[in-house]
Amino acid sequence: MHTDRNAALELDRQDTLAHLRVSFVLREGLIYLDGNSLGPMQACVRERVHNCLEKEWGQDLIASWNSAGWFLLPQAIGGKIAPLIGAGTYDVVVTDSTSVNLFKVLASAITLRPDRKVIVSERSNFPTDLYIAEGIAEFAERGHTLRLIDSVDELDDAIGDDVAVVMLTHVNYRSGAVHDMKKVTENVHAAGALMVWDLAHSAGALPVDLAAADADFAIGCGYKYLNGGPGAPAFVYVAPRLQKVAVQPLSGWYGHKAPFAFESSYDGAQSIDRFLTGTPPILSLVALDAALDIWNEVSLEDIRSKSKALSTLFIKLVEERCGGFGLTLASPRDAEARGSQASFTHDNAFAIMQALIARDVIGDFRAPDILRFGFTPLYVRFVDVFDAVEHLHDILQSGAWKQEKFNVRGTVT
Ligand SMILES: *Cc1c(COP(=O)(O)O)cnc(C)c1O
């Protein structure tokens, strides 16, 4: 059936999550389809950071480590993320960046499998994941190598008894394709290896059940679907059964069992706390902490069903309205197999995205030829989807993207 603008508005009227949009600071006219890269700010975050600056730091100074709960924020925020990823309250901490946490868990994993020298991942994984794995392999200096597969179908052949760990991103950052976490983890365990999941594009985007999948380690971002702010601290999960045996090399004092005993030798905490390193960035932590409160009001099932409806509508409208302009769907057509995004390839993807951005339709470009659109059900409306496709159609129809100014590249794309 053909969807017109009124039909999109009607879908918004029926949307049980529609009331959440006002929590976000989004300027009038903006169509923000990039929450998978940097989530927008909520008004409560601004207030909380302001209070931290003025009262906690400004007035109470060092007392706030106790009185404002600063010291235990990494665990407290981990406890808020836990239900979003199917983890126990005390099995997640927020600390450092996704890249750094990946370093820690990969190092742990290879130490737990000392006779195995191979790390397996996917060639299409996010570059930092591959770079960190290369770094670990080189640094370990025990003959470790990184083995890359082109598709998860090759996994069974790639995991022999030489593989220590398999590290995959649950939702692919370019295509949005979702791995079957339970099945893959089972296969990896059957081969005697450990499983690390990167949840950068999963946490807050779709239900995840790390415990049911029996995953060994997981890491993920605070600034994408969790809306924690630019460069927000990341999270790390370690299966309870591994928390007392998994060691990590960044053995800083925050991971010590008694940081304030100031002992001269490291004795790691017998818990997830061992994955902490040094003094955390409190301003960034309080921003993430406040940003997460919205999840108390929503179920991930509702988020997922609206997310699928938004991206499905987008794909349908793009194909209806923009057929014949050289766009090709680069995401799975089956909504079940797709994360909270839809991507299309086009030879002129960069310039087209710049032209969209100039019209306040914000998606992003991913090299070499991908137009990527994120659909975040907390604040994206069905009418935004409709309007975004109309803009895309105008840009393609008029050739507006050919202008010189849309073909100049900045450092961050
Ligand atoms: C966004 C993203 C990262 C980012 O890592 P940082 O350390 O925060 O820069 C890592 N991995 C994946 C899969 C991502 O999508």
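Every heavy atom of this structure was used, including side-chain atoms; hydrogens, water molecules and symmetry mates were not. Counting starts at 1 for both ligands and their atoms, following the listed order.
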List the residues meeting side-chain contact (heavy atoms from CB on, under 4.5 Å) with Phe139, not counting sequence neighbours, and say none if there are none. none
Ion pair Glu319/Arg333, N-O distance below 4.0 Å: yes
Over-ring placement of Arg366 relative to Tyr173, 6.0 Å and 45° cut-offs: no
Once you restrict both partners to nitrogen or oxygen, which atoms of ligand 1 have a protein partner under 3.5 Å, and how far apart are they?
from	atom 1	to	atom 2	distance (Å)
ligand 1	7 (O)	Ser99	N	2.9
ligand 1	7 (O)	Ser99	OG	2.6
ligand 1	8 (O)	Tyr223	OH	2.6
ligand 1	11 (N)	Asp129	OD1	2.8
ligand 1	11 (N)	Asp198	OD2	3.0
ligand 1	15 (O)	His201	NE2	2.9
ligand 1	15 (O)	Lys224	NZ	2.6

Got a salt bridge between Asp15 and Arg21, using NZ or NE/NH1/NH2 to carboxylate O under 4.0 Å? no
Could you please spell out the steps behind the side chain to side chain contact (heavy atoms under 4.5 Å, CB included) verdict for Gln248 and Thr277? CA-CA 10 Å; Gln248 63 99 354; Thr277 305; 4.2 Å; yes
Distance from Leu20 atom CG to Ile303 atom CD1, nearest 0.5 Å? 7.0 Å
